[in-house]
Amino acid sequence: MTNLPRAVRERLRNQFALQALELVRKQGSRDTTQKFLWRLSDHSLIESVLIPANPALYGEASDRHTLCVSTQVGCAYGCKFCASGLEGWKRDLEVEEIVEQVLAVERGSCDEGRVSGETGTRLVSNLVIMGMGEPLANYDNLLKALQILNAPWGGGIGARKITISTSGLAPQIRRLADELLQFRLAISLHGAMDETREKIMPINRRYPLRELTAACEYYQQKKGRMIKFEYILIAGVNDGLEQIKPLANLARRLNAKVNLIPYNKVEGLPWERPSEEVQEEFLKALEKAGITATLRREKGHDIDAACGQLRLKTEREFAGMGPTFER
Ligand code: SAH
Ligand code: SF4
């Protein structure tokens, strides 16, 4: 911009950035789950995952893509099974670092010849706020970012196409219920009884199931049928049939669907996914109890798609704990 005075250009260069994310690593390929690892200006690493709609799942060919977005560097909530929480919380993402995950992924995909702007529609049609971090612990920045991604002058992504996942921050769930936008809410339940949940999710001590469900009930009353339970199946921890009755009761009370997810192994952690027979049995028992449930036959298992895993691997490699890191 040589039409601007040199001093102004200098100031712009020193004080502003057009792009906050630098691509460090990309895994996966066209038409499959793609994982992006970004470096931020302070050299922190975060991830986004692009998931194409599965024609076999939806019964139609589709251009829909869902982007899984991160909201923090690391996570303070320390769920025992999760790679994101392993090294603690480093910082909240800024508004632009959240928004730019969508833009940078679309830019990256344009390079491969999938020009999203060609038809005037964007590549990313749905968002799931399920990447690294606890979204509701970075509430203000998340809300600003989602307002921008939702606005007609911004991303134009409908609020009903945006799902926020939380490990259960009850007060923020109530606050979200009072917002104008109708986001979908996913609760990472992973246990239908306090004693089960407490073993794997420290947050349950702060907001036990009674408090969490009361907050969800408030959300459900304000927003309608917008809640989904995420339930990772971990062998020997929460995959027993004694969970079915309390889980079905919770789901019925909140009119919630249950999404069963076989646990994704994290290197260095002892947890395992149950056998497929156990997974199917759990699903059938839930359905028999009258609950709408799905069992995710995982996409992206082979590319470390579960939250925080690619970052963890890359940081270990940087630290000389794994194979040499190649850019
Ligand atoms: N902090 C938020 C959102 C990020 S985690 C939350 O906890 O909901 C997104 C989802 O991935 C959560 O349901 C979380 O429990 C799940 N998850 C974390 N580690 C996983 C793993 N190794 N395998 C499968 N799911 C995992
Ligand atoms: Fe944090 Fe969610 Fe991982 Fe728990 S599951 S440690 S809340 S990112």
Side-chain angles (χ1 to χ4, degrees), residues 33 35 46-49 51 66-93 98 101 127-139 142 146 162-170 172-173 176 183-191 196-207 212 215-216 227-235 237-239 256-274 279 294-313:
T33 301
K35 190 145 193 171
I46 57 158
E47 303 173 13
S48 318
V49 183
I51 309 150
T66 298
L67 187 71
C68 177
V69 170
S70 291
T71 52
Q72 297 183 311
V73 182
C75 181
Y77 289 83
C79 302
K80 300 279 195 328
F81 48 80
C82 174
S84 291
L86 268 186
E87 278 154 37
W89 173 88
K90 194 167 161 199
R91 68 171 174 90
D92 286 341
L93 292 191
I98 299 173
Q101 291 174 58
L127 296 177
V128 290
I129 317 303
M130 293 189 183
M132 187 188 299
E134 168 48 55
L136 297 188
N138 185 12
Y139 191 97
L142 173 73
L146 293 184
I162 301 176
T163 301
I164 302 172
S165 175
T166 177
S167 57
L169 275 62
Q172 283 90 329
I173 291 173
L176 194 65
F183 300 117
R184 289 182 191 277
L185 188 63
I187 305 293
S188 296
L189 198 67
H190 311 334
T196 315
R197 213 167 174 259
E198 238 158 56
K199 270 191 220 152
I200 46 178
M201 301 181 75
I203 180 88
N204 198 74
R205 261 171 257 135
R206 196 139 116 225
Y207 305 115
L212 174 58
C216 289
I227 294 182
K228 184 172 71 171
F229 286 149
E230 304 281 332
Y231 196 104
I232 321 176
L233 289 165
I234 309 177
V237 174
N238 63 0
D239 59 345
K257 284 190 206 162
V258 178
N259 190 16
L260 300 172
I261 307 153
Y263 179 62
N264 243 323
K265 179 93 187 126
V266 176
E267 218 183 300
L269 295 182
W271 321 94
E272 302 280 347
R273 62 166 60 178
Q279 296 173 24
T294 52
L295 173 62
R296 195 190 294 171
R297 275 95 185 172
E298 281 270 306
K299 287 183 187 186
H301 190 51
D302 54 333
I303 60 159
D304 311 295
C307 110
Q309 293 193 47
L310 184 63
R311 167 182 178 253
L312 187 70
K313 193 158 106 187

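As the structure lists them, so they are numbered: ligands from 1, and atoms in each ligand from 1.
- For ligand 2, the atoms lying closer than 4.0 Å to a non-hydrogen atom of Gly78 are 6 (S).
- Taking a cut-off of under 4.0 Å to the non-hydrogen atoms of Ser167, the atoms of ligand 2 that pass are 7 (S).
- Contact between Ser188 and ligand 2 is absent, with no heavy atom of the residue lying under 4.0 Å from the ligand.
- The ligand atoms of ligand 2 that sit less than 4.0 angstrom from a heavy atom of Cys79 are 4 (Fe), 5 (S), 6 (S), 7 (S).
- When atom types are taken as modelled, the side chain of Ser70 and the backbone of Met132 share a donor-acceptor pair closer than 3.5 angstrom.
- Using a 4.0 angstrom heavy-atom cutoff, Lys265 does not count as in contact with ligand 1.
- Here Cys75 has no heavy atoms under 4.0 Å from ligand 1, in either its backbone or its side chain.
- The two residues Ala235 and Pro274 have their closest heavy-atom pair at N-CD, 3.7 Å.
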Evaluate the side-chain contact (heavy atoms from CB on, under 4.5 Å) criterion for residues Glu230 and Ile261: first the C-alpha distance (whole Å), next the side-chain angles of each, then the deciding distance (0.1 Å), finally the verdict.
CA-CA 7 Å; Glu230 304 281 332; Ile261 307 153; 2.9 Å; yes
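- By the neighbour-count criterion of 12 heavy atoms within 6.0 Å, atom NZ of Lys80 is densely surrounded, having more than that number from other residues, nucleotides or ligands.
- For Gly133, the heavy-atom gap to ligand 1 drops under 4.0 angstrom.
- Residues that satisfy the side-chain hydrogen bond (donor to acceptor under 3.5 Å, both in side chains) test with Glu134, not counting sequence neighbours, are Thr166, Ser167.
- Going from atom CD1 of Ile129 over to atom CZ of Phe183 covers 8.5 Å, rounded to the nearest 0.5 Å.
- Residues meeting the salt bridge (Lys or Arg N to Asp or Glu O under 4.0 Å) test with Arg206, sequence neighbours left out: none.
- To the nearest 0.5 Å, atom OG of residue Ser48 and atom CE of residue Met130 are 14.5 Å apart.
- With a 4.0 Å cut-off on non-hydrogen atoms, Phe81 touches ligand 1 through its backbone as well as its side chain.
- Note that CD1 of Ile164 is 11.5 Å distant from CD of Gln172, once rounded to the nearest 0.5 Å.
- Which parts of ligand 1 touch Pro135 is read off a 4.0 Å heavy-atom cut-off, strictly below it: atoms 1 (N), 2 (C), 3 (C).
- Within the set Cys68, Gly131, Ala76, Ser165, the minimum heavy-atom distance to atom 4 (C) of ligand 1 is found for Gly131.
- Side-chain N or O atoms of His190 include none that pairs as donor or acceptor with a backbone N or O of Arg197 at under 3.5 Å.
- In summary, the atoms of ligand 2 found under 4.0 Å from a heavy atom of Tyr77, numbered by their order in the structure, are 7 (S).
- Remark: ligand 1 atoms within the under-4.0 Å shell around heavy atoms of Val266 are 22 (N).
- Atom 14 (C) of ligand 1 has its nearest heavy-atom neighbour, among Met130, Glu230, His190, in His190.
- Between Gly168, Ser84, Gly133, it is Gly133 that holds the heavy atom closest to atom 2 (Fe) of ligand 2.
- Shown in contact with Thr166 at under 4.0 Å from a heavy atom are these atoms of ligand 1, numbered in order with element: 6 (C), 8 (O).
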